[in-house]
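Naming convention: chains lettered A, B, ... in sequence-line order (proteins, then strands); numbering from 1 in each chain. Predicted, not measured: the structure shown is a model, and the values here were computed from it. Worth knowing before you read on, the calculation uses all heavy atoms, side chains too, and leaves out hydrogens, waters and symmetry mates.
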Amino acid sequence: MTATASNSRRVHLVQGILFWIFRLATYFVLACATYIFLDIGIKGSRTVFTSTPPFINVPFLTEPPQTLYVFDYEGKKMALSDRQFRQWKVEHPGTEVEASSIAYSAGGIWPCIVGTALLVIGSMILALGIGISSAIYLSEYSRNGPLIRLVRIAILNLAGVPSIVFGLFGFGLFVIFFGWNVSLIAGWFTLGLMVLPAIITASEESLRAVPQGLREGSLALGASKWQTIRKNVLPYAMPGILTSSILGIARVAGETAPIMFTAAYAMKDELPWQVTRMTDFFFQGVMALPYHIYVVSSKIPQNEYTERVQYGSAFVFLFLVMLIALTSIILRERSRSRLSW
Amino acid sequence: MVSVAEMSEITSPTVVNQTAPMPNPANPKVERGMIEIEQLDFAYGTNKVLHDINLSIPARAVTAFIGPSGCGKTTLLRCLNRMNDLIDSARITQGSIRIEGVDINASSVDVVDLRRRVGMVFQKSNPFPKSIYDNVAYGLRIAGTTKRTLIDEAVEKSLRSAALWDEVKDRLHVSGYGLSGGQQQRLCIARALAVEPEIVLMDEPCSALDPIATAKVEELIRQLKEQYTIVIVTHNMQQAGRCSDHTAFFYLGRLIEFDDTTKIFSNPGQRQTEEYITGRFG
Ligand SMILES: Nc1ncnc2c1ncn2[C@@H]1O[C@H](COP(=O)(O)OP(=O)(O)OP(=O)(O)O)[C@@H](O)[C@H]1O
Ligand SMILES: [Mg+2]
C-alpha cells in the first residue's frame with residue numbers, strides 16, 4: 001500500500017520536474033527572442049523613425065551609404081556626411097579641421113535594400129522554376145527505381161550543406177570558371193542552388209498530397225498527363241509550394257556566406273539599373289543588406305557613431321523579411337480560399 | 001432450377017455461356033461501343049489477379065460485373081480504359097482487349113483518345129475542387145472547346161441526364177465539394193457524360209447513395225443505354241437485377257458465368273453463381 005503510494009508520489013514528482021524543465025526551455029526561447037526583437041526594435045527605431053513628420057527617416061531608406069566625418073569646430077562637435085562635409089568646406093574656406101572619418105556610417109541603405117530585393121527575386125524565380133519542375137518529374141513522371149532513390153538522397157544531403165560551402169562552390173564555378181565575376185547572376189545561381197533542395201522536397205510533398213483520385217478523374221476524361229498536372233494537380237499543390245517558399249525567401253534574403261564571394265560589394269555608388277548596356281545588369285555586383293550589416297559590424301572600427309547604421313539596417317532587414325512572410329501567407333490563403341479545398 | 005447435386009459435378013469453373021458470338025478477329029463485325037476481351041491474364045507484379053477472361057460486352061446495353069470483394073472487378077474495369085497504366089507494377093500478361101475491333105493496348109492506340117471515348121465513374125467519388133460548372137466543363141475544355149454557349153449547353157444537358165440539374169441549377173458556380181456524397185457521385189457521372197463517350201464504366205456508382213439517389217442513378221442508367229454501352233460493377237444484387245441486361249459473375253479472378261441477367265438470377269448455370277446471388281457466400 002505505502003509502496004504504491006510512494007511510487008505514485010515519485011511519478012508525480014518526476015512529471016512535475018520534467019514539465020518545469022520543458023516550461024523553462026520555452027521561457028528561455030521566448031526571453032531570447034524578446035530580447036533580440038526589443039534590442040533591435042528600440043535601437044533600430046532611433047535610426048529609422050524621427051520625432052518630426054513624416055516620422056520616418058526617409059534619407060536613411062533612400063540614400064546610399066556615405067562616410068561620416070566627425071570633428072570639433074568652434075567648440076561644437078560636428079558629424080557630417082561626405083556630401084555635407086564637402087559643402088561645409090566650401091562654405092568655410094580656409095578652415096582646417098582635424099576630421100576623423102567613419103566609413104558607411106552616414107547616409108542610408110537604399111542600394112542594400114535594392115540589391116537584396118534583386119537577389120531574392122532572381123534566385124527565387126530560378127529555384128522555384130527548377131525546383132517545381134524537378135518535383136513534378138520526381139512525383140509525377142519518374143518510376144521509383146534505384147536511380148531516383150539516389151537522386152532523393154542527394155537532394156536530402158544537399159539540404160544539409162552549410163551555406164559557406166555553397167558560397168565557395170558558387171565562387172569556384174560561377175565567378176571563376178564561368179567568368180561571371182562577382183555579379184547578380186552568380187549570386188542568383190548560388191542562392192538558388194542553396195534553397196533548391198528545400199523547395200524540391202516541399203514541392204514534391206505538396207504534389208503528393210493531391211489525391212490520386214483527381215489525377216485519375218482527369219485522365220479518365222481524356223486529359224493528357226501534362227494537362228492533368230497543369231489543370232488538376234499543380235493548382236492544388238501551389239499553396240503548399242508557396243508556403244514552403246516563404247522559408248526559402250527568408251533564407252535567401254538572410255544568408256551572407258553564399259553572396260560574399262559571389263555577388264556582394266561592400267560599397268557601390270551606382271544603383272543596379274544605372275548600367276550602360278542591358279547585359280551589364282546581370283554581371284554587376286550589388287550591395288546587400290545582410291552583407292552590409294556584416295561589413296558595418298565587423299569590417300570597420302567600432303565607436304558610438306557606427307551603431308546608428310548597424311541597428312538601422314538590422315531593423316529594416318527584419319521588417320522586410322516579416323513583410324515577405326506576410327505576403328506569402330496572404331497569397332497562400334487567397335489561393336486556398338479560391339480552391340475551397 | 002438445377003439441383004445442387006447436379007451442379008457440384010462441375011468442378012473447374014468455366015465460362016458457360018456467351019450471349020454475343022465471338023467475332024472473327026480477322027473480319028470483326030464491328031459495332032460502335034462493343035468490347036471484346038480475349039484470354040486476358042492480368043497481374044500486379046507477381047500477384048496474378050485475372051485469369052483467362054473471355055468476355056464480349058454487347059454494345060448499347062447494360063452489363064453488370066458482380067462477384068465477391070477482391071475478385072478483380074475493378075481491375076478488369078480499369079483495363080478497359082487503360083487506367084491500370086498508372087500503376088507501375090500492373091501488367092496484362094496475356095490476351096487482348098478490343099474495342100470496336102481495335103486492340104486498345106496496341107502501340108498505335110492513343111490512350112488519351114481511348115479514355116475520352118471510354119468514360120469512367122470511380123468507386124470512390126472524386127469531384128474536382130472546382131465549381132460544379134467547372135467540374136462538368138472540365139472534359140470539354142480539355143478537348144479544346146472554348147465556346148461559352150456550347151459549354152453551357154453541355155453542362156446543363158449532362159447535369160440533367162445525371163438527375164442533378166434541379167438540385168444545383170441555382171448554384172452552378174459554388175464548389176462541387178459543397179455537395180452531399182450522393183450529389184457528388186452524380187456530379188461525377190455528369191462529368192463523364194459531358195464528353196459524350198461511347199462507353200461508360202461505372203464502378204459501384206451507388207455505394208454511397210441513399211435509396212432515392214440510387215433509384216435516380218438506376219433510372220439514369222436505363223436511359224443511358226439507348227446511347228451508350230454501360231458496364232457497371234455492383235455489390236447490390238437487386239441493383240444488378242433491376243438495371244442490367246447482362247451479368248458477369250467473377251470469382252477469384254475468373255469469369256465464372258456470363259449470361260442474360262434474367263437467366264443468371266432465375267436459373268444460373270453454375271453452383272458458385274447461385275450461392276453468391278442467394279447470399280450463401282461472398
Ligand atoms: N494497385 C494494386 N496493387 C496491387 N494489388 C492490387 C491493386 N489493386 C488491387 N489489387 C489486388 O487485386 C485484386 C483484385 O482487386 P480489385 O480491386 O479488382 O477487386 P474488386 O473485385 O474490385 O473488389 P471490391 O469489390 O472490393 O472493389 C485484389 O486481390 C487486390 O488486393
Ligand atoms: Mg472494386
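Ion pair Lys169(B)/Glu156(B) not flagged as a salt bridge, since none of the NZ, NE, NH1 or NH2 atoms sits closer than 4.0 Å to an Asp/Glu carboxylate oxygen. Checked for salt-bridge contact, Glu204(B) and Lys124(B) miss the test: no charged N lies under 4.0 Å from a carboxylate O. Here Glu196(B) pairs with Lys157(B) in a salt bridge; the nearest charged N to carboxylate O distance falls below 4.0 Å.
Residue Val233(B) is tested with Ile66(B), Thr63(B), Leu77(B) for a side chain to side chain contact (heavy atoms under 4.5 Å, CB included); the sole match is Leu77(B).
With a 4.5 angstrom heavy-atom cutoff, Val121(B) does not touch chain A via any of its atoms. Only the backbone of Asp85(B) comes within less than 4.5 Å of a heavy atom in chain A; its side chain stays farther off. The contact between Asp88(B) and chain A is made by backbone and side chain atoms together, counting heavy-atom distances below 4.5 Å. Contacts of Pro197(B) with chain A are absent, with no heavy-atom separation under 4.5 Å from either backbone or side chain. Both the backbone and the side chain of Arg191(B) come within less than 4.5 Å of a heavy atom in chain A. Using a 4.5 Å cut-off between heavy atoms, Phe122(B) contacts chain A through its side chain alone, with no backbone atom that close.
Checked against the 6.0 Å centroid criterion, the rings of Trp180(A) and Phe189(A) qualify as a close aromatic pair.
The line from CD of Glu226(B) to CZ of Arg222(B) is 11.5 Å long, rounded to the nearest 0.5 Å.
Of the residues considered (Arg78(B), Arg115(B), Arg82(B)), Arg115(B) shows the highest number of contacts with chain A, using heavy-atom pairs under 4.5 Å.
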